[in-house]
Amino acid sequence: MATQAVKAVDANWWRGAVIYQIYPRSFQDSTGDGIGDIKGITARLPHVASLGVDAIWLSPFFTSPMADMGYDVSDYCNVDPMFGTLTDFDEMMAEAERLGLKVIIDQVISHTSDRHPWFVESRSSRTNPKADWYVWADPKPDGTAPTNWLSIFGGPGWEWDGVRKQYYMHNFLIAQPDLNFHNPEVQAAMLDTVRFWLDRGVHGFRLDTVNYYFHDKQLRNNPPMVYDTDGAGMETDTNPYSMQNHLYDKTQPENIDFLKRLRALLDSYEGRATVGEVGDGPRSLSTLALYTTGNDKLHMCYTFDFLGPAFDAAYIRKVMTTVADTVSNGWVCWAFSNHDVVRHVTRFAESPAEQDRVAKLSITLLSVLRGSICLYQGEELGLTEAELTFEDLRDPYGIRFWPAFKGRDGCRTPMAWEAGEPHAGFTTGSKTWLPVPADHARRAVDAQEALPDSVLHHYRAALAFRKAHPPLIDGDMTFLDTNQDLLAFVREKGGEKLLFIFNLTRGTQDFTLPKRLGEILPVNLPGFVSRLEKGVVKLDALDVFCARV
């Protein structure tokens, strides 16, 4: 395959970028089989570009048995027939370039499918060339698993293999064996898969479970976890995984050297970037700092800190200030929703009547924070979490823990395009892989295009405001003390200073501005009116004030 040329780009394009996540199964079906595909993505890219985003992030589309919806890869260098072909991918890349969109793809390299040829060979004996490519260990004398490590998806993190007469490690499904990154051959093979897509022209990678690559070589047991409840949404009574302090099954020090090798590979190409997913419980922000500082590892990371139920001034300020204190020259990518969590309108809104207001305030806040941002398909429509029956579920995580945990399918339902069409225009077929809720269809793209005050138009306006003001891209951020339940901060760069005061409560608030700020010139943000009376900011419930300082 010939290397695809990539237009010259700013090496720092990712800093402050707005990235739109596409879940290929659920974006647009072009064949009528009820499952989204790459040609469907290509057809709908003009909508994405119309939002004013900088890049798209594609969730996995690689060849896979689909035990975990593509996060179990059996061929890293091909497109699953369900989604199309490599030619379809190349055509999508060309359309993205025409529209000015960069392309980031998911890279799932902590584990493979158990049907990957590497694992098929590895499990065949203890002496084959790939015998040490996965994490194998002998049982304890009583036959039980080598350690107490657990799987995120339920049960032990080890599975017995009768051929090798050993256990293999799996942080996720039994069908997702973990690769042994202590083996240099594994690292080289993984970097080769990254190089394949770099040569095909992609601009970057979202690195799934980036802190899971290495395990403790001594196979030490994890100690119990003691949680300081901080609004991060951990539920120790639903999934036993949360009851352990994961000191040994992930986030090992050897990961740093591999991330440096990965960064060196990307730096050998022009204008490429990485965004890592860090799931490390209470340590997530410190791990993020470790992985992004120094300009020699990841370009940026995101954590789950804003993907839980907390949406209040104190919590947001705590997260942001912790980042400022711990991440020196690193960079963060913020998100309120993605394919793994309940949609944020459902998490944050206290009643259906305030859903649109919450949707608009959320993107307004996200667009003025310091960092890059990720948007998840459908949030620009204010979509809520879909209510599904057990019979509808496809997510093995939800099926395993139902009904205490309903899984991730509720945020993965198909995109709504045309309100009056069957399945909201997602497919011409008779059935969709997950149902399209009626209330989602009513919020379809074409319906919101016709409403000047819609959530969709607000997203475009909020992102345009962000792009028009350099301080919001990569300027400094300084918090103000309010002594009230308000989030107040100044963004500053190049002589431009913007003051923001967010009222995330359900009551009105007044705030007397500090005189040290000097002259205040109110600025109306899209969808909000900034009211200032004799030095006092007037805020309605779920409101925001903006001013030039």
Side-chain angles (χ1 to χ4, degrees), residues 51 231 233 306-316 335-338 341-369 375-389 406 409-420 424 435-463 465 484-487 500-511 524-531 537-546:
L51 298 175
F306 286 161
L307 299 176
F311 188 59
D312 61 80
Y315 179 72
I316 292 172
F336 284 152
S337 282
N338 69 15
V341 299
V342 173
R343 287 187 176 272
H344 70 265
V345 169
T346 295
R347 299 199 320 268
F348 298 162
E350 295 182 355
S351 70
E354 68 176 35
Q355 287 173 351
D356 279 7
R357 183 78 171 182
V358 166
K360 292 177 180 179
L361 187 65
S362 297
I363 184 57
T364 301
L365 173 58
L366 199 62
S367 66
V368 300
L369 294 180
L375 310 180
Y376 178 53
Q377 66 180 52
E379 73 171 78
E380 75 271 27
L381 306 179
L383 295 188
T384 55
E385 185 79 354
E387 287 292 333
L388 302 176
T389 66
K406 297 181 180 180
D409 288 323
C411 67
R412 296 177 174 182
T413 53
M415 184 71 172
W417 297 103
E418 288 101 27
V436 180
D439 60 326
H440 286 200
R442 288 191 291 269
R443 289 178 170 269
V445 171
D446 67 344
Q448 296 208 28
E449 291 282 14
L451 300 174
D453 195 36
S454 68
V455 173
L456 175 58
H457 285 301
H458 182 84
Y459 262 68
R460 290 174 178 148
L463 296 181
F465 184 88
Q484 295 169 252
D485 194 11
L486 297 172
L487 184 68
F500 298 94
I501 304 175
F502 283 84
N503 178 18
L504 305 180
T505 73
R506 272 65 182 179
T508 60
Q509 297 259 24
D510 290 348
F511 177 63
N524 288 334
L525 290 171
F528 298 93
V529 176
S530 294
R531 294 179 296 143
V537 173
K538 301 286 186 177
L539 291 160
D540 291 329
L542 299 173
D543 199 6
V544 58
F545 172 87
C546 176

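Since the model is a prediction, treat every value here as computed from it, not as a measurement.
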For Gly410 against Leu388, the heavy-atom pair lying closest together: N-CD1, 4.0 Å
Residues which pass salt bridge (charged side-chain N to carboxylate O under 4.0 Å, His left out) with Arg506, listed by chain and number, not counting sequence neighbours: Glu350, Glu354
Backbone of Leu381 reached by a side-chain donor or acceptor of Gln448 within 3.5 Å: yes
Shortest non-hydrogen separation from Val544 to Ser530 and the atoms involved: O-OG, 4.2 Å
Contacts of type side-chain contact (heavy atoms from CB on, under 4.5 Å), residue Ala447, not counting sequence neighbours: Ala419
side-chain hydrogen bond (donor to acceptor under 3.5 Å, both in side chains) partners of Arg531, counting only residues at least two apart: Asp540
Atom pair CG (Leu487) and OH (Tyr315), whose distance is rounded to the nearest 0.5 Å: 13.0 Å
Straight-line distance of Tyr459 OH to Ile363 CD1, nearest 0.5 Å: 4.5 Å
Note, Leu451 side chain near Leu456 side chain (heavy atom, < 4.5 Å): no
Min side-chain heavy-atom separation Phe502-Leu539 under 4.5 Å: no
Check against side chain to side chain contact (heavy atoms under 4.5 Å, CB included), Leu542 and Lys360: CA-CA 10 Å; Leu542 299 173; Lys360 292 177 180 179; over 6 Å; no
Partner set under side-chain contact (heavy atoms from CB on, under 4.5 Å) for Ala461, not counting sequence neighbours: Pro526
Which atom of Ala313 lies closest to which atom of Leu504, heavy atoms considered: N-CD1, 3.9 Å
Phe348 ring center within less than 6.0 Å of Phe336 ring center: yes
Minimum-distance pair of heavy atoms, taken over all atoms of Gly382 and Val455: N-CG1, 3.7 Å
Minimum heavy-atom distance Gln355-Ala349, with the two atoms named: CG-CB, 3.9 Å
Intermediate values then yes/no, side chain to side chain contact (heavy atoms under 4.5 Å, CB included), Phe311 and Ser362: CA-CA 9 Å; Phe311 188 59; Ser362 297; 3.8 Å; yes
Worked verdict on Leu486 versus Val537 for side chain to side chain contact (heavy atoms under 4.5 Å, CB included): CA-CA 11 Å; Leu486 297 172; Val537 173; over 6 Å; no
Heavy-atom side-chain contact between Lys538 and Gln509 under 4.5 Å: no
Ala335 to Phe306 - nearest heavy-atom pair and separation: O-CB, 3.4 Å
Rounded distance [0.5 Å steps], CD in Gln377 versus CG in Asn338: 11.0 Å
Set of salt bridge (charged side-chain N to carboxylate O under 4.0 Å, His left out) partners for Arg343, sequence neighbours left out: none
Residue pairs passing the salt bridge (charged side-chain N to carboxylate O under 4.0 Å, His left out) test where at least one lies in residues 380-389, sequence neighbours excluded: Glu387-Lys406
Results of ring pair (Phe, Tyr, Trp, His ring centres under 6.0 Å) for Phe500 - residues two or more places apart only: Phe489
side-chain hydrogen bond (donor to acceptor under 3.5 Å, both in side chains) against Thr364, all qualifying residues, sequence neighbours excluded: His458
Contacts of Pro437 that satisfy side-chain contact (heavy atoms from CB on, under 4.5 Å) - sequence neighbours left out: Ala386, Thr413, Asp439, His440
For Ser337, side-chain hydrogen bond (donor to acceptor under 3.5 Å, both in side chains) partners two or more places apart: His344
Rounded distance [0.5 Å steps], CG in Leu366 versus CG in Leu463: 8.5 Å
Verdict with reasoning, Asp485 to Asn503, per side chain to side chain contact (heavy atoms under 4.5 Å, CB included): CA-CA 7 Å; Asp485 194 11; Asn503 178 18; over 6 Å; no
Heavy-atom check, side chain of Asp453 versus side chain of Asp356, under 4.5 Å: no
All side-chain hydrogen bond (donor to acceptor under 3.5 Å, both in side chains) counterparts of Asp543, not counting sequence neighbours: none
Donor-acceptor under 3.5 Å (Arg443 side chain, Ala416 main chain): no
